[in-house]
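No hydrogens, no waters, no symmetry mates; every other heavy atom, side chains included, goes into these values.
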Amino acid sequence: MRPDTSAENVDHHAEAARLERTAGLHPEDAEHLLVQAAAHLELAGARPEATALYDRLLSSPATLDNPHLVRALKASNLWEYGHEAEARAIIEGLRVSAPRDPAPWVIAAEALEAHDELEAAQETFTEGATLLLTGVSEPPYSTHPLLFGRHRVRRMLGAPHDDWDALADTLHSSSVSLDELHDPKRVWSLGSDNPAELEAEISRLRAELDTYRQALSRPFPVAVLHWPTGELEELVTGYPSLAEEYPSHGEHLATIESALRELSASGTPNLGIVTGTVPSYEAFAASESSSPADTTLLPQYATTLAARGRAVAWPPQRGTACWCGSERTYEGCHGTSD
C-alpha cells in the first residue's frame, strides 16, 4: 500500500507530484493514486500536505471505493505530527462504523500500537477479526495482517494464546515462528554482548525480511477479469472472434469462480477480481499497439487493472454481495459448494 523505498533513494516530493498529475489524467483511478501520493508525502515528512490530500479525497463529490481506508490513513498521519485528539476521534469513528475491509482495522490498530496504546490496539485488532473472520474457515489473504498484528500486540501484553493466535501461527509461513518474531525480549538481544544471542537475532531478522519481501513481491492481487453483462455483449458484438473466449455470460461467470477456486486450491494467495469496460479495454489495446480482438491482451489488461488498484479481493467477506453483481450474498450465489 505504501512506498517502502527510503527517502535517500527516492525524491518523494517529485513522486507525489507525478502521482497527482496522473490522477488528474485518470480520474477513475484518482483514489488509488492520491493515496499513494499522500504516502510519499508522509515519507518525505510533509505530513500536513499528506493530510490535505486525504481531505481532498474525503471531500470529493465522487464516491470513494474505500473511504474507511482513507480515514484510517489520515488518522495515522495526523497522530504523527501532534494531532492526537483528532486522530483518536477518527479511529473511534472507524470502530463504530465497522468497515468490512481489513485494511482500515489494521492501520487504525497499528497507529494505536505505535503510540503505546497496546490495550486499545488489541481491542481494535480483535473487533476487526470478530467482524470479518467469525464463521470463516479459511481467512482471506487480505485478513492475514489483522491476525498477525493481533498476535504481535497480545504477545507484547503477555496475553495467553487463543484460537486466533493459533490460527495466525498456522498462516505464518516463515521458518521463524510468530512467537519468536513477536517476543518482547528481542529488543534486549540487540544490545547484548553475547555472540550467540546476536546471531540468533540476525537469523530472526532475516526470516522476517524474507516474509516482508514475499509480501512486497505480490503488491496487488492475482486478478481474474470479469465483464458485466452489458460490457460483454458490447465486447463480443464489436469483436466477434472473442465469442470463442466468451460463449455466454453465464459460462464466463462460472469460469471465473472455477479459476479462482483452482488458484486457491493450488496455494496461490492474494486473489482478486477486476471488472473490465470496453472503452478502457480498447484504450489499453491501443496503448499496446494491438487489436482488442487479440486474446493475449486479456490477462495483461487484468494485471494492469489490478496494478492500478481496481481489484476486489476474492472470496468476498462473509455476508457481502457476490462479486458477479447480483443482489445476493456470495454464499447464496457463486459461493455455494458444488
Of all the heavy-atom pairs spanning Thr295 and Pro299, show the shortest one and how long it is. O-CD, 3.5 Å
I want to check something: taking the side chain as every heavy atom from C-beta on, are Phe148 and Val106 in contact at a cut-off of under 4.5 Å? no
Please check if the side chain of Thr134 supplies one atom and the backbone of Leu131 the other of a donor-acceptor pair under 3.5 Å. no
With hydrophobic residues grouped by side-chain heavy-atom distances under 4.5 Å, do Val222 and Val274 end up in a single group? no
Flag yes if Trp227 and Ile256 sit in one hydrophobic cluster, no otherwise; membership is Ile, Leu, Val, Met, Phe, Trp, Tyr, and two members link when side-chain heavy atoms are under 4.5 Å apart. no
Taking the side chain as every heavy atom from C-beta outward, state whether Phe284 and Gln300 have any pair of such atoms under 4.5 Å apart. yes
Any side-chain to backbone donor/acceptor pair from Thr143 onto Leu146? Under 3.5 Å, distance only. no
So which heavy atom on Ala44 is nearest to which on His13, and how close? CB-NE2, 3.7 Å
Do Leu112 and Val153 sit in the same hydrophobic cluster, where Ile, Leu, Val, Met, Phe, Trp and Tyr count as joined when their side-chain heavy atoms come under 4.5 Å apart? no
Please determine whether side chain to side chain contact (heavy atoms under 4.5 Å, CB included) holds for the pair Arg328 and Cys322, giving the CA-CA distance in whole Å, both sets of side-chain angles, and the decisive distance to 0.1 Å. CA-CA 6 Å; Arg328 291 175 291 175; Cys322 186; 5.6 Å; no
Is there a side chain to side chain contact (heavy atoms under 4.5 Å, CB included) between Glu42 and His12 once you walk through the steps? CA-CA 9 Å; Glu42 288 188 41; His12 289 292; over 6 Å; no
Show the nearest heavy-atom pair for residues Leu298 and Tyr246, with the distance to one decimal. CD1-OH, 3.5 Å
When the ring planes of Tyr330 and Trp314 are compared, do they come out parallel, tilted or perpendicular, using 30° and 60° as the limits? perpendicular
Quick one: do Leu53 and Leu69 end up in the same hydrophobic cluster if we chain Ile, Leu, Val, Met, Phe, Trp and Tyr together by side-chain heavy atoms under 4.5 Å apart? yes
About how many Å separate CG of Leu43 and CD of Glu15, when rounded to the nearest 0.5 Å? 11.0 Å
Ignoring hydrogens and geometry, is there a side-chain-to-backbone donor-acceptor pair from Trp105 to Pro99 under 3.5 Å? yes
Just by distance, with hydrogens left out, do His40 and Gln36 show a side-chain donor and acceptor under 3.5 Å apart? no
Indicate yes or no for a side-chain donor-acceptor contact from Arg310 to the backbone of Glu28 under 3.5 Å, with no hydrogens or angles considered. yes
Are the side chains of Leu34 and Leu19 in contact, using a 4.5 Å heavy-atom criterion? no
Any side-chain heavy-atom pair from Val70 and Leu73 closer than 4.5 angstrom? no
Quick one: does any side-chain atom of Glu31 pair with a main-chain N or O of Asn66 as donor and acceptor, under 3.5 Å? yes
If you define the side chain from C-beta out and look only at heavy atoms, does anything of Leu232 sit under 4.5 Å from Val236? yes
Is the side chain of Ser97 donor-acceptor paired with the backbone N or O of Gly93 at a distance under 3.5 Å, no angle test? yes
Identify the heavy atoms of Leu253 and Trp323 that sit nearest to each other, and give their distance. O-CH2, 3.4 Å
Pair Thr51-Tyr81, side-chain donor/acceptor within less than 3.5 Å: yes
Please report the closest heavy-atom contact between Ala37 and Glu20, naming both atoms and the distance. CB-CG, 4.2 Å
Expected output: side-chain Asn270 to main-chain Tyr141 donor-acceptor under 3.5 Å: no
Has Asp29 got a side-chain atom pairing as donor or acceptor with His26's backbone, closer than 3.5 angstrom? no
For the residue pair Pro139 and Leu167, establish whether any side-chain heavy-atom pair is separated by less than 4.5 Å. yes
Residue of the set His172, His144, His161 for which ring pair (Phe, Tyr, Trp, His ring centres under 6.0 Å) holds with His151: His161
Less than 3.5 Å apart, any donor N or O on the side chain of Glu245 or Tyr239 sitting next to an acceptor on the other? no
Test side chain to side chain contact (heavy atoms under 4.5 Å, CB included) on Phe125 and Glu110 and set out the steps. CA-CA 9 Å; Phe125 276 126; Glu110 287 183 345; 4.1 Å; yes
Minimum heavy-atom separation for Ala38 and Ala50, please, with both atom names. O-CB, 3.5 Å
I would like to know whether Gln122 and Met156 meet side chain to side chain contact (heavy atoms under 4.5 Å, CB included); could you show each step before the answer? CA-CA 10 Å; Gln122 178 191 212; Met156 287 190 287; over 6 Å; no
Treating Ser264 as the side-chain partner and Arg261 as the backbone partner, does any N or O pair qualify as donor plus acceptor under 3.5 Å? no
Side-chain (Tyr281) to main-chain (Gly276) donor-acceptor, under 3.5 angstrom: no
Rounded distance (nearest 0.5 Å) linking atom OG1 of Thr229 with atom CD of Glu234: 13.0 Å
Value for CG (Leu225) from CG (Leu305), rounded to nearest 0.5 Å, stands at 7.0 Å
Give, for atom NZ of Lys74 and atom NE2 of His83, the distance between the pair rounded to the nearest 0.5 Å. 10.0 Å
Rounded to the nearest 0.5 Å, what's the gap from NE2 on His334 to CG on Leu260? Could you check? 11.0 Å
Would you check if Arg154 and Asp162 make a side-chain contact, meaning some heavy-atom pair closer than 4.5 Å? yes
Got Pro102 and Pro145 here, is their nearest side-chain heavy-atom distance under 4.5 Å? no
Does Trp164 share a hydrophobic cluster with Leu171, counting links as ILVMFWY side-chain heavy atoms below 4.5 Å and allowing steps through other members? yes
Within this structure, what is the CZ-CD1 distance for the pair Arg71 and Ile107, rounded to the nearest 0.5 Å? 13.5 Å
Donor-acceptor pair between Thr126 and Arg150 side chains, under 3.5 angstrom: yes
Specify whether Trp79 and His115 have parallel, tilted or perpendicular ring planes, treating 30° as the upper limit for parallel and 60° as the lower limit for perpendicular. parallel
